Asker: 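Here it is, the structure in full.
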Amino acid sequence: MTWNIAVLPGDGIGPEVTTQALRVLRAAAERHGIELTISEALVGGAAIDAVGEPLPEATLTLCKRSDAVLLGAVGGPKWDGLPGHLRPERALLGLRKELGLFANLRPVTVHPALMAASTLKPEALRGVDLVVVRELIGGLYFGEPAGIEMRDGEEVGFNTAIYSTSEVTRIARVAFDLARLRRKKVTSVDKANVLAVSQLWRKVVTAVHAAEYADVELEHLYVDNAAMQLIRRPADFDVIVTGNLFGDILSDEAAMLTGSIGMLPSASLGGSVALYEPIHGSAPDIAGLGLANPLATIASVAMLLRHSLRAEAAASSVERAISAVLDAGYRTGDLLIGADPAGAGARLSTSEMGSRVIEQLAADPDPATAPTDPIHASVV
Ligand code: IPM
Ligand code: MN
């Protein structure tokens with residue numbers, strides 16, 4: 001069978017990082033006997049410039065017909081002045097919503113070779129291996145009413161934080177199912193000391209846990225405390241489940257454990273076709289310069305292989321190749337910001353980093369086919 005992959009490079013560094021990730025995807029597919037048809041489409045600012053809207057119908061149709069979607073990044077100063085519904089970011093929100101991708105998995109692993117690249121002390125980083133499970137199509141991002149309007153002679157802006165019992169239940173199940181495959185611990189993050197929406201969130205997570213997941217440990221943290229604990233004792237976390245906005249913020253914070261936001265991949269699951277993207281943005285300041293780190297997008301390809309193509313052996317071979325490249329001391333510039341003697345003198349461009357990963361892939365011993373990640377079954 002042939003898998004259809006839609007690729008949406010987008011804006012800024014998006015095209016550079018997706019080009020490298022696609023090279024890796026093709027190499028891994030070839031090695032593991034996976035047949036791919038890859039189709040590109042416009043998204044974000046690139047789509048606005050070409051056809052006048054951030055998420056053209058043709059792009060959405062292609063995505064819906066595909067087996068998986070790989071996206072680079074959207075947005076940039078060029079389009080910042082546009083009204084809300086025409087901004088590049090709309091495309092991303094529209095895709096997530098249209099595809100029903102309620103579960104966003106953002107794994108955070110600290111490569112031993114990158115300990116020195118983080119601004120945190122190595123003692124704090126040892127053993128860090130967590131996943132942020134972010135609810136992706138509800139909460140403050142999508143709640144109605146939302147807008148800017150005149151009230152009592154002045155403009156007011158407003159959004160609605162809203163979660164239903166069924167929305168919380170389904171994301172909680174994803175988190176608990178994932179925890180069962182890992183260290184069996186879920187931390188649910190909310191602001192239940194203040195927000196009604198969080199009080200319901202906590203009540204529902206607690207009920208789902210009691211009814212279906214007594215074998216998994218559950219703790220609740222307020223988001224302010226969670227933000228602190230995440231840098232104080234990051235190794236204690238296993239699965240963090242939270243709403244859309246808190247998940248957005250905490251996953252950027254968690255990225256700093258790894259040394260660079262250029263390291264964090266993501267998978268958005270829950271619909272009939274899943275979306276894979278690095279968690280970083282379009283970084284317009286370095287776009288086109290070959291400075292971007294492609295590893296987050298390459299790691300997103302590994303997640304695509306795992307969750308959509310059910311190709312665990314290929315997925316883990318990509319992840320091992322990334323580790324091997326880092327162990328060998330290769331770094332893009334973002335990973336050299338901290339004092340990192342191991343990386344000094346080995347600064348690679350975006351495409352050189354892609355090439356190193358492909359070399360390591362070719363050197364990877366062919367592993368026995370590993371079992372398919374069962375998380376797939378529960379959420380897609
Ligand atoms: C992310 C991004 C997006 C979000 C933006 C670009 C709309 O920050 O994927 O984390 O807020 O979800
Ligand atoms: Mn974000």
Side-chain angles (χ1 to χ4, degrees), residues 8-15 17-18 21 42-48 53-55 59 63 69-80 82-108 130-143 146 159 161 163 167 171 189 223 226-227 230 240-258 260-271 274-285 287 292-293 296-297 299-300 303-304 334:
L8 317 180
D11 309 318
I13 60 171
V17 294
T18 43
L42 292 164
V43 77
I48 295 172
E53 50 177 335
L55 182 58
T59 298
C63 292
V69 182
L70 178 69
L71 186 141
V74 295
K78 182 174 177 191
W79 307 282
D80 277 349
L82 292 171
H85 68 285
L86 278 180
R87 288 180 61 110
E89 289 80 1
R90 274 287 124 203
L92 200 46
L93 301 178
L95 260 181
R96 291 169 178 173
K97 190 72 167 183
E98 288 284 334
L99 299 178
L101 306 174
F102 69 88
N104 183 220
L105 272 45
R106 300 186 159 186
V108 180
L130 62 91
V131 184
V132 177
V133 176
R134 170 189 177 191
E135 198 292 326
L136 202 59
I137 55 173
L140 258 177
Y141 271 58
F142 291 93
N159 289 88
Y163 272 118
E167 286 176 310
I171 194 71
V189 174
V223 64
L230 203 48
I240 297 176
V241 64
T242 190
N244 209 339
L245 182 66
F246 296 161
D248 179 46
I249 298 167
L250 292 179
S251 56
D252 267 34
E253 187 193 9
M256 283 302 98
L257 305 168
T258 72
S260 168
I261 195 160
M263 294 301 299
L264 244 65
S266 85
S268 302
L269 313 174
L275 170 71
Y276 301 86
E277 50 172 322
I279 81 151
H280 62 67
S282 59
D285 53 322
N293 181 353
T297 318
S300 300
M303 295 187 88
L304 183 157
D334 55 312

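For ligands, and for the atoms within them, numbers begin at 1 and follow the listed sequence. This structure is a prediction, so every number in the text was calculated from the model and none was measured.
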Asker: Which atoms form the tightest heavy-atom contact between Gly76 and Pro284, and what is the distance?
Answerer: CA-CG, 4.2 Å

Asker: For Arg87 versus Leu82, what's the shortest heavy-atom pair and its separation?
Answerer: CG-O, 3.6 Å

Asker: Under a heavy-atom criterion of less than 4.0 Å, does Arg134 contact ligand 1?
Answerer: yes

Asker: Please report the closest heavy-atom contact between Leu8 and Cys63, naming both atoms and the distance.
Answerer: CD1-SG, 3.8 Å

Asker: Looking only at protein heavy atoms, which one is nearest to atom 8 (O) of ligand 1, and what is the separation?
Answerer: Asp248 OD1, 3.3 Å

Asker: Only N/O/S atoms count here: what is the atom of Asp248 closest to the Mn ion (ligand 2) called?
Answerer: OD1

Asker: With the side chain counted from C-beta on, respond yes when Ile240 and Phe246 share a heavy-atom pair under 4.5 Å apart, and no when they do not.
Answerer: no

Asker: Test your reading of the model: is there a side-chain donor-acceptor pair from Thr59 to the backbone of Leu55, 3.5 Å cut-off?
Answerer: no

Asker: Compute the shortest N/O to N/O distance between Tyr141 and ligand 1 and return yes if it is under 3.5 Å, no if not.
Answerer: yes

Asker: How far is atom 9 (O) of ligand 1 from the closest protein heavy atom, and which atom is that?
Answerer: Arg96 NH2, 2.7 Å

Asker: Is there side-chain contact between Asp334 and Ile261, with heavy atoms separated by less than 4.5 Å?
Answerer: no

Asker: Quick test: of every protein heavy atom, which one is nearest to atom 1 (C) of ligand 1, and how far off is it to 0.1 Å?
Answerer: Arg106 NH2, 3.3 Å

Asker: Please state whether Arg90 comes within less than 4.0 angstrom of ligand 1, counting heavy atoms only.
Answerer: no

